[in-house]
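To keep things clear, I will list the structure first and then write my remarks on it.
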Amino acid sequence: MIPMDTLAQITGRYEYIEAQLNAGPKASEIAALTREYSELTPVAEQIAAYRQMLDDIAEAETMLGDPEMKELAEEELPALKASLPELEHSLRLALLPKDSADAKPAILEIRPGTGGDEAALFAADLFGMYQRYAEARGWKVEIIEQQMTELGGLKELTARIVGENVFARLKYESGVHRVQRVPSTESGGRIHTSAATVAVLPEAEDVDIDIPATDIRIDTMRASGSGGQHVNTTDSAVRITHLPTGLIVTSSEKSQHRNREIAMSVLRARLYEAERARIDGERSADRKAQVGSGDRSERIRTYNFPQGRMSDHRINLTLYKLDAILGGDLDETIDALTADAQAHQLAEMEA
């Protein structure tokens, strides 16, 4: 049984915020109140449904003592009681502590690991998968930094993804992704194993992480291009070095002002994630294990082309629809990873 006083506190807070919004809060409070109200609404709805079910069960049990209503109560009561565990489980999920970063945009970083040219080509395939997934969900993808190989693979990719609950949906993608297939560069038709690393960081705002001007060095340089008329002939590229940590971020768009904004955004995201990891030692250990060095043995997921199979090794999930997954059909996998994380949270809370 979920403590009723806990539910009463949440409902009371929800009703208080609703009253504040209806009364017309100060301009400075509107954003925070609206955000909290939006977060509490689904929880309040789950609480209302749970309370209604308890009331219905209590009413049906009372009816058992009424000769005229006993038969109806005996018909309704088993169905009501059978529905209660599922409703209680849904409410427990709604009451789980929320990751404060879930609603934030995400910084996506992809780099090839073991496998040379084939790893770079696979890294490009992964980015295409995330682009198509983002498009299907109505998210916007902005490439911050991209270095390509001559064969069209990725040497390095940093992108910003904006939309509803981006980080919540993509945070479990961090880690080493392994591919098993015959490379297009392989004349002998042998299956090769390659890897690419993916890191998904929540985008941080100024209020999340403060970076004093004295902690950074900003250098401008000539942006690289593909040659000929595409070469940037002005010193517009920006490289920002975070002096306390040695972190270096670059951006090579045409506008120097925009490059500063982009590079600072990526730097904040990396420092924010580092701070989150420091506070949560277990999360830090998990992330280090997931991202690793890019070696093919440190994997969270395998994409096997000969068998058309994708296997996520963290939750023992195997799906035989590789083409669809690489085409951006990631919801089944992400839903399974989210459910597994929630199950672990519930187990820890009930231990």
Side-chain angles (χ1 to χ4, degrees), residues 106 108-139 141 143 146 148-149 151-159 161 163 165-200 286 289-341 343:
L108 171 70
E109 299 177 340
I110 303 177
R111 294 177 178 84
T114 304
D117 287 336
E118 168 62 8
L121 290 169
F122 176 54
D125 290 340
L126 287 177
F127 180 52
M129 177 180 73
Y130 293 126
Q131 278 185 308
R132 288 182 282 272
Y133 182 64
E135 181 180 351
R137 296 189 72 87
W139 297 343
V141 178
I143 295 176
Q146 181 176 243
M148 308 290 294
T149 67
L151 296 176
L154 279 179
K155 291 181 180 178
E156 183 176 1
L157 182 285
T158 303
I161 305 179
N165 291 326
V166 172
F167 185 68
R169 297 298 291 172
L170 293 182
K171 62 184 177 182
Y172 301 117
E173 293 301 298
S174 289
V176 174
H177 297 240
R178 186 177 73 161
V179 63
Q180 295 171 330
R181 66 183 177 187
V182 178
S184 58
T185 56
E186 171 62 47
S187 59
R190 294 176 300 171
I191 296 174
H192 284 220
T193 299
S194 304
T197 61
V198 173
V200 180
D286 287 346
Q290 287 175 357
V291 177
S293 63
D295 184 85
R296 68 186 65 170
S297 66
E298 302 174 355
R299 65 191 187 279
I300 62 166
R301 192 177 293 164
T302 295
Y303 304 76
N304 185 292
F305 276 69
Q307 298 179 19
R309 165 174 57 84
M310 186 284 295
S311 298
D312 195 295
H313 309 292
R314 295 164 293 180
I315 55 175
N316 295 320
L317 173 70
T318 296
L319 300 174
Y320 288 89
K321 55 174 190 177
L322 184 57
D323 287 345
I325 289 169
L326 291 173
D329 185 4
L330 287 171
D331 276 332
E332 184 174 358
T333 303
I334 291 173
D335 288 344
L337 287 162
T338 302
D340 181 73

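In this chain, numbering begins with 1 at the start of the sequence shown.
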**Message:** When you compare the side chain of Arg137 with that of Asp331, does any pair of heavy atoms fall below 4.5 Å?
**Reply:** yes

**Asked** Roughly how far, to the nearest 0.5 Å, is the CG atom of Leu108 from the CD atom of Gln131?
**Response** 9.5 Å

**Request:** Heavy atoms only: give me the nearest Ile315-Ala336 pair and the separation to one decimal.
**Result:** CD1-CB, 3.7 Å

**Complete:** Heavy-atom nearest pair, Gly152 first then Ala124, reads O-CB, 3.8 Å

**Heavy-atom closest pair, residues Pro112 and Ala123** = N-CB, 4.2 Å

**Asked** Atom CE of Met310 and atom CG of Asp323: how far apart are they, to the nearest 0.5 Å?
**Response** 13.0 Å

**Message:** In terms of relative ring orientation, are Tyr133 and Trp139 parallel, tilted or perpendicular, with 30° and 60° separating the classes?
**Reply:** perpendicular

**Request:** For Lys321, look at atom NZ and say whether over 12 heavy atoms of other residues, nucleotides or ligands are found less than 6.0 Å away.
**Result:** yes

**Asked** Between the side chains of Thr302 and Arg178, does any donor sit under 3.5 Å from an acceptor?
**Response** yes

**Message:** I'd like to know if Asp312 and Arg299 make a salt bridge, using a cut-off of under 4.0 Å between side-chain N and carboxylate O.
**Reply:** no

**Message:** Please evaluate residues Met129 and Asp329 with respect to the criterion side chain to side chain contact (heavy atoms under 4.5 Å, CB included), reporting the C-alpha separation (whole Å), side-chain torsions for both, the decisive distance (0.1 Å), and the verdict.
**Reply:** CA-CA 8 Å; Met129 177 180 73; Asp329 185 4; over 6 Å; no

**Request:** Answer yes or no: does atom CD of Glu135 have more than 12 heavy-atom neighbours from other residues, nucleotides or ligands under 6.0 Å?
**Result:** no

**Fill in**
Taken to the nearest 0.5 Å, the spacing of Gln146 CD from Ile110 CD1 works out to 9.5 Å

**Item:** Between Arg314 and Tyr172, a side-chain donor and acceptor under 3.5 Å
**Value:** no

**Message:** Side chains of Val198 and Leu126, heavy atoms from C-beta outward: is any pair under 4.5 Å?
**Reply:** yes

**Asked** From Leu170 CG over to Leu330 CG, what is the distance, rounded to the nearest 0.5 angstrom?
**Response** 8.0 Å

**Item:** Inter-residue atom distance His192.NE2 - Gln180.CD, 0.5 Å rounding
**Value:** 12.0 Å

**Asn165 side chain to Ala168 backbone, donor-acceptor under 3.5 Å** = no

**Distance (rounded to the nearest 0.5 Å) between Leu154 CG and Thr149 OG1** = 7.5 Å

**Prompt:** Hey, are the side chains of Arg309 and Leu319 touching, using non-hydrogen atoms and a 4.5 Å cut-off?
**Reply:** no

**Request:** Determine the minimum heavy-atom distance between Thr318 and Ser311, stating which atoms define it.
**Result:** OG1-OG, 3.2 Å

**Heavy-atom pair with the smallest gap, counting every atom of Ala106 and Val166** = CB-CG1, 3.6 Å

**Whether Ser194 side chain and Val179 backbone form a donor-acceptor pair below 3.5 Å** = no

**Message:** Could you check whether any side-chain heavy atom of Arg169 comes within less than 4.5 Å of a side-chain heavy atom of Asp335, counting everything from C-beta outward?
**Reply:** yes

**Asked** Distance-only, no hydrogens or angles: does the Arg132 side chain make a donor-acceptor pair with backbone N or O of Leu326 under 3.5 Å?
**Response** yes

**Request:** Measure the shortest side-chain to side-chain distance between Thr333 and Arg301 over non-hydrogen atoms and say whether it is less than 4.5 angstrom.
**Result:** yes

**Request:** Can you see which heavy atom on Ala119 is nearest to which on Gly113, and at what distance?
**Result:** CB-O, 3.7 Å

**Request:** Report the C-alpha separation of His177 and Ile300 in whole Å, then their side-chain angles, then the decisive distance to 0.1 Å, and conclude whether the side chain to side chain contact (heavy atoms under 4.5 Å, CB included) test is met.
**Result:** CA-CA 6 Å; His177 297 240; Ile300 62 166; 3.8 Å; yes

**Check against side chain to side chain contact (heavy atoms under 4.5 Å, CB included), Glu118 and Arg181** = CA-CA 9 Å; Glu118 168 62 8; Arg181 66 183 177 187; 2.4 Å; yes

**Item:** Pairwise side-chain contact, Ile191 with Pro306, heavy-atom cut-off 4.5 Å (strictly under)
**Value:** yes

**Message:** Is there a side chain to side chain contact (heavy atoms under 4.5 Å, CB included) between Tyr130 and Val141? Walk through the geometry before answering.
**Reply:** CA-CA 9 Å; Tyr130 293 126; Val141 178; over 6 Å; no

**Fill in**
Result for ring-ring contact (aromatic ring centres under 6.0 Å, His included) between Phe122 and one of Phe305, Phe127, Tyr303 points to Tyr303

